[in-house]
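Each remark here refers to the structure printed beneath this line.
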Amino acid sequence: MKKAKYVFVTGGVTSSLGKGIVAASLAKLLQARGYSVTIQKFDPYINVDPGTLNPYEHGECYVTEDGAETDLDLGHYERFLNVPTSQANNVTTGRVYQTVIENERRGEYLGKTVQVIPHITDEIKRRMRLLGETGQYDIIITEIGGTVGDIESLPYVESMRQLIWDLGEENTVVIHLTLVPYLAAAGELKTKPTQHSVKMLLELGVQPDVLVCRAERHLSTEIRRKIAQFCNVHQNAVVESIDVKTIYEVPLMMLKEKLDRVVLSKLKLSTRNEPDLDTWRDFLFRLEHPKGEVNIALVGKYVELQDAYKSINEAFVHAGAANECKVSVKFVHSELITDSNVHHKLAGYDGILVAPGFGHRGIEGKVHAVQYAREHNIPFFGICLGMQCSVIEFARDVCGLKGAHSSEMESQTPYPVIDLMEAQKQVTHKGGTMRLGSYNCELVKGSQAYKAYGKSRITERHRHRYEFNDAFKQQIENAGMKITGTNPETGLAEIVEIPSHRWFVGVQFHPELKSTVANPHPLFVKFIKAATEARNDQ
Ligand code: GLN
């Protein structure tokens, strides 16, 4: 039974300073020193989870093994640490209020006025301590979303303040991320925003122990001293975080800055074991010294926002390193692909990935992209909606089922080759009601999927409502598209392949969610391998 210590990570000045990456990097360093670590994220919005958020709002929705729809930062945690997260690792204001209101309705606060303080803050504190109470972890890193000073993050900062008092100084450490901008006209790095941001935290009763300063240029000793003096922290607790080529360099940068040492010494934990980062460095070396290159088209409709396909992009980075090959991913907007321009839009790519998604917009462009990949023998990878599009295209163009569609897009289609799952037919609520989380899948020996995984029983994570319609199975299989992965419990088709094609794989699940630095996803690795071979054959 371990007694957990707590690291809090807050952000100031502006959003997008990379709090999630710094938290994940610190976790990596502590893990590499032999500590068992987990990370949790507290988000100040009122959605009960990010599942109901459009990807344009908040980037991709990351799904955990236990089927929680969570913030994309949990994806970074898993990719860095190679340990799964769960529902408990992501809490939103909506969830906190939901619990408090349910308690109130059950009469648990009978007679009392239910208030932000103490009821909301108590619930936040309870949730902040949940993972620590499992006895599995030495260190819990808690990232507080938003920026200090925002109205909605106040209860979180107050809860943190109280927890520090409850748990004691030697059991807690507060890291505050700030921006140290460079003013070209003055030729100087400016510390004022950092000072103001720390002041704001102090007004709320919290003295940060460590400042991680995002900057475009190195911080001189003088600047570090100034920040330390004005913000009341040790000089060695002023850590610089400058822009690097890839997020995977951040743990090494934090190691150089001794962030892990500063944190451990505040927590009175041993720094005796040096971090073992051999695998990490090896990955980074392969990533930064590619021997070849492939161009991949990512066909989707949320292409304006990088974060919308975060896990897919990262899975490509992992697979590129595994193949010692630079993967250049270009976003191709599915709404702009038509029958007449598809040749132009997709010419010259070594592989085509059709992305997950919801709703009708851009669907025909995706179907054209599938057809182009199929007819030109270009390695094809379809994920979730991408897999469904590959079935639609095959049914229309090879089986001759004119007008075949998914009933999500066209409820009156004569051939609903993709249809609503039986279990979904009664569902009216939107949040948390899809087929979510990890499910078993049995692979057909000899298939591309089997070759990739090297075993026949796998588990993968899902997030969808529609599925391959078994009524068309015979006809589709007879025409040359095979079901090579099936859910052993329900019989649902999970993977389709075209064996006569060089590499054509569509999966109903989301393999990208399980790709990590330590375990690049086998399907992404094989897709990139096939793309490399296709390029060499040209
Ligand atoms: N919209 C499709 C469904 O609900 C696919 C979902 C997805 O791509 N994640 O089945």
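Side chains included, hydrogens not; waters and symmetry mates left out as well; all remaining heavy atoms used. One-based numbering, in listed order, for ligands and for the atoms of each.
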Practice task
Among Val327, Val294, Ile296, find the one that has a side chain to side chain contact (heavy atoms under 4.5 Å, CB included) with Phe527.
Solution key: Ile296
Exercise for the section: Could you tell me whether Glu408 and Arg465 make a salt bridge, using a distance below 4.0 angstrom between a side-chain N and a carboxylate O? Expected result: no
Handout entry: Euclidean distance, Asn313 CG relative to Leu298 CG, rounded to 0.5 Å
Key = 6.5 Å
Practice task
For ligand 1, list the protein residues that place a heavy atom within a distance below 4.0 Å of one of its atoms, sorted by chain and number.
Solution key: Pro356, Gly357, Phe358, Cys384, Leu385, Gln388, Glu408, Arg463, His464, Arg465, Tyr466, His510
Fill in the blank from the handout: Applied to residues 479-500, the salt bridge (charged side-chain N to carboxylate O under 4.0 Å, His left out) test, sequence neighbours excluded, yields Arg435-Glu494
Problem - Partner set under side-chain hydrogen bond (donor to acceptor under 3.5 Å, both in side chains) for Thr92, not counting sequence neighbours - result: none
Donor-acceptor pairs under 3.5 angstrom involving side-chain atoms of residues 503-510: please list them, not counting sequence neighbours.
{"from": "Gln508", "atom 1": "OE1", "to": "Gln388", "atom 2": "NE2", "distance (Å)": "3.3"}
{"from": "Gln508", "atom 1": "NE2", "to": "His464", "atom 2": "ND1", "distance (Å)": "3.4"}
{"from": "His510", "atom 1": "ND1", "to": "Glu512", "atom 2": "OE2", "distance (Å)": "2.8"}

